[in-house]
Amino acid sequence: MIPEPRIQSPPDGGAIDAAAVARTQFVVLGAGGLGCPALLGLVAAGARRVTLVDDDVVDASNLQRQVLYETADVGMAKTLAAESQLRLRARDLRLTQVRRRLDARGLAELLEDVDPAATVLLECSDDPGLKFAANDLGLARGIPTVIAGVQRWRGQIIAVVRGAACYRCLYEAPPPAELAPACSAVGIIGAAAGLFGHWMALLAVRLASARADVRGELAGSLHALDLRDMRVQTLRPRPRPGCPACAGEGPELDVSTARCAAR
Amino acid sequence: MATVRIPTPLRKYTQGQEEVTVDGGTVRELLANLEQSSPGIRERICDDAGNVRRFVNIFVGDEDIRYLDNLNTAVKPDSEISIIPAIAGGHTA
């Protein structure tokens, strides 16, 4: 008989509520360098309801950091390969594959029917505009959201909930394409992506476990870490007066994410 | 002189240095002097009008200069200035 993995609560108790994690819908945008370790961390912590969004197929160049995939998966849809791997760890996982590249409108449609009280959004994509759209829609819909980015040796991560400073309080708009090179152009250390992906999972399960009135304690700080000198900078911005995302306005939906986020 | 922490994408302007020391009584003066020693770096931080770009934040110690006096924020010789641009990457296709 194949044993079921057992989910153990940490000895300090309280920080992670396995039952709450199991009933939360985790919506993961991107099954790449951040998404793969985030998914491993989520499922290991007891997540059993996952929506995974990615339109890409596995490429051999992905394997050094996209740790859910192996050489036999090359050419396979990432959502399918990821589900196959994760089911080896949790046979009762209910994973919904969404094979499309999202813009702000697509994300709005995806989140239309979810229960904000039982959903956590993880933005793991390489699209700067989608990070801002996730921030804006998460706040507008009241869905706790974790946003991270990683390049080379460094990364950033922030949890966003209503009432705390958000990603758009800190950064008003994404960098233009010419100043935001793709990871494929600048390189990424696989273990750096792994660290930030698992960090995202940790924040996400803590958000799922926390009562709504204390989620703010987990949010509003941007942690920036450069793994070459192991220096963590924690920035605690104040909510920015006039921030449209904090006002719940959501993103503009009739333009590309890059433009909508650049308002 | 104040210490400026240089983020990875801008280190090509500082010969790879992670930290540089720069004179200046305000953030504006400091950026001007930084441009002298590291030509080209200021336009990555400020737009054509001289304002800090919307995807970049500058902190003096732990304080965001937008909540102080912006580019006129005072800098002391023992101040540490951090330039924190948004990092977009994650999923590499």
Side-chain angles (χ1 to χ4, degrees), chain A residues 29-36 54-56 59 61-62 65-66 78 123-129 131-132 148-156 167 170-176 179-188 193 196-197 222 224 226 228-229 231 233-238 240 262, chain B residues 2-21 27 38 40-71 73 79-93:
Chain A
L29 309 181
L34 288 171
C36 285
D54 201 299
D55 70 336
D56 203 6
D59 185 87
S61 66
N62 301 150
R65 66 194 171 280
Q66 300 186 17
K78 288 183 177 177
E123 208 301 312
C124 306
S125 83
D126 60 354
D127 180 347
K131 294 190 191 302
F132 283 81
V150 63
Q151 280 182 351
R152 293 181 178 152
W153 293 84
R154 69 199 180 101
Q156 298 174 344
Y167 195 61
L170 191 64
Y171 298 114
E172 296 179 48
L179 296 181
C183 292
S184 51
V186 298
I188 184 168
F196 276 92
L222 181 102
D226 188 325
R228 275 197 297 199
D229 58 13
R231 178 172 164 137
Q233 286 184 293
T234 299
L235 309 176
R236 296 184 181 85
R238 298 171 212 173
R240 180 166 54 89
Chain B
T3 301
V4 182
R5 290 187 56 78
I6 307 295
T8 314
L10 302 188
R11 288 180 192 163
K12 61 186 173 189
Y13 299 102
T14 60
Q15 289 78 51
Q17 292 183 83
E18 298 171 17
E19 292 184 355
V20 295
T21 52
V27 174
S38 306
I41 197 169
R42 186 165 59 180
E43 71 169 3
R44 296 292 301 273
I45 301 168
C46 298
D47 61 20
D48 293 343
N51 299 314
V52 178
R53 292 182 182 273
R54 283 152 51 107
F55 55 89
V56 176
N57 279 313
I58 299 178
F59 284 71
V60 175
D62 292 331
E63 287 290 324
D64 186 338
I65 64 167
R66 286 181 303 177
Y67 301 108
L68 300 171
D69 287 330
N70 219 315
L71 288 170
T73 299
S79 293
E80 182 173 280
I81 289 84
S82 299
I83 300 164
I84 315 272
I87 297 178
H91 160 195
T92 315

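Each chain gets a letter, A, B and so on, in the order its sequence line appears, and its residues count up from 1. What you see is a predicted model; the values in this text were computed from it and never measured.
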Please assess A:R231 against B:E80 for the test salt bridge (Lys or Arg N to Asp or Glu O under 4.0 Å), listing each intermediate value before the final yes or no.
CA-CA 14 Å; A:R231 178 172 164 137; B:E80 182 173 280; 2.4 Å; yes
Are the side chains of [Y] and [X] in contact, using a 4.5 Å heavy-atom criterion?
| X | Y | result |
| --- | --- | --- |
| B:P7 | A:Q151 | no |
| A:Y171 | B:I84 | yes |
| B:E19 | A:D229 | no |

Can B:D62 and A:R238 be said to form a salt bridge (Lys or Arg N to Asp or Glu O under 4.0 Å), step by step?
CA-CA 12 Å; B:D62 292 331; A:R238 298 171 212 173; over 6 Å; no
Taking every non-hydrogen atom, the tightest pair across A:Q156 and B:I87:
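Taking every non-hydrogen atom into account, OE1-N, 3.2 Å.
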Measure the spacing between CZ of B:R11 and CZ of A:R152 and express it to the nearest 0.5 Å.
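With rounding to 0.5 Å, CZ (B:R11) is 10.0 Å from CZ (A:R152).
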Region of B:Y67 in contact with chain A, defined by heavy-atom distances below 4.5 Å
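Both parts, backbone and side chain.
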Assess whether side chain to side chain contact (heavy atoms under 4.5 Å, CB included) is satisfied between B:D64 and A:L235, documenting all intermediate values.
CA-CA 8 Å; B:D64 186 338; A:L235 309 176; over 6 Å; no
Do A:E172 side-chain atoms and B:R54 backbone N/O form a donor-acceptor pair below 3.5 Å?
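No, because the side chain of A:E172 does not come within donor-acceptor range (under 3.5 Å) of the backbone of B:R54.
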Against chain B, label A:R228 side chain, backbone, both or neither, depending on which of its atoms sit under 4.5 Å from a heavy atom there.
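Interface part for A:R228: side chain.
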